[in-house]
Amino acid sequence: MSMTISTTELTLDTDTVDTIAILEAEAALQSGAERASRAQIVWTEADAGLWVASYGGYYGGTVDKQNGHYFASDTFGQYVGDFASLELAQQRLGAHLHLMLPGVIRPAR
């Protein structure tokens, strides 16, 4: 008896992987899975106009002020958005991290 196994290689770009991760996290929440507590976010102003997030003790991303706008990027350096205020940028990045990294619930020390 002989058996032939055929494989196909598939390459996904980072945006597609991010989208899949977000959809999986949202599906888990909607299916009745217990929602993890949000990890604590600690913000540090690393430089003038540059804030760095520590998400549950891990690097969470940055908010960078340029020309009156606040640009947020996540743990992986992916663009989260352009916001009118620091507070909004930090809130949106926090919500994004909670979806992308739901297992990170360890409080920061």
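Values below: all heavy atoms of this structure, side chains included; hydrogens, waters and symmetry mates excluded. Residue numbers start at 1 and run along the sequence shown.
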(message) Donor-acceptor check, side chain of T75 to backbone of Y59, threshold 3.5 angstrom: yes or no?
(response) yes
(request) Could you tell me which non-hydrogen atom of V80 sits nearest to which non-hydrogen atom of R92, and how far apart they are? (result) CG1-O, 4.4 Å
(message) Run V63 and W43 through side chain to side chain contact (heavy atoms under 4.5 Å, CB included) and show every step you take.
(response) CA-CA 10 Å; V63 172; W43 289 96; 3.8 Å; yes
(message) Is there a side chain to side chain contact (heavy atoms under 4.5 Å, CB included) between W51 and K65? Walk through the geometry before answering.
(response) CA-CA 9 Å; W51 293 265; K65 182 179 181 184; 4.0 Å; yes
(message) I need the D82 CG to N67 CG distance, nearest 0.5 Å.
(response) 10.0 Å
(request) Write down the atom of A89, the atom of A72, and the distance for their closest heavy-atom approach. (result) O-CB, 4.3 Å
(message) Minimum heavy-atom separation for A46 and V52, please, with both atom names.
(response) CB-CG2, 3.8 Å
(message) Using every non-hydrogen atom in the two residues, find where L97 and G60 come nearest and quote the distance to one decimal.
(response) CD2-O, 3.3 Å
(message) With rounding to the nearest 0.5 angstrom, report the CE to CD distance, M100 to Q78.
(response) 8.0 Å
(request) Could you please spell out the steps behind the side chain to side chain contact (heavy atoms under 4.5 Å, CB included) verdict for H98 and Y55? (result) CA-CA 9 Å; H98 188 63; Y55 185 72; 3.3 Å; yes
(request) Kindly work out whether a path of hydrophobic side-chain contacts (I/L/V/M/F/W/Y, heavy atoms less than 4.5 Å apart) joins L50 to F76. (result) no
(request) Indicate the atoms forming the closest heavy-atom contact of G61 with L93, along with that distance. (result) C-CD2, 4.2 Å
(request) Measure the spacing between CD of Q90 and CZ of F83 and express it to the nearest 0.5 Å. (result) 11.0 Å
(message) As an exercise, state the distance from CG of D64 to NE2 of H69, rounded to the nearest 0.5 Å.
(response) 12.5 Å
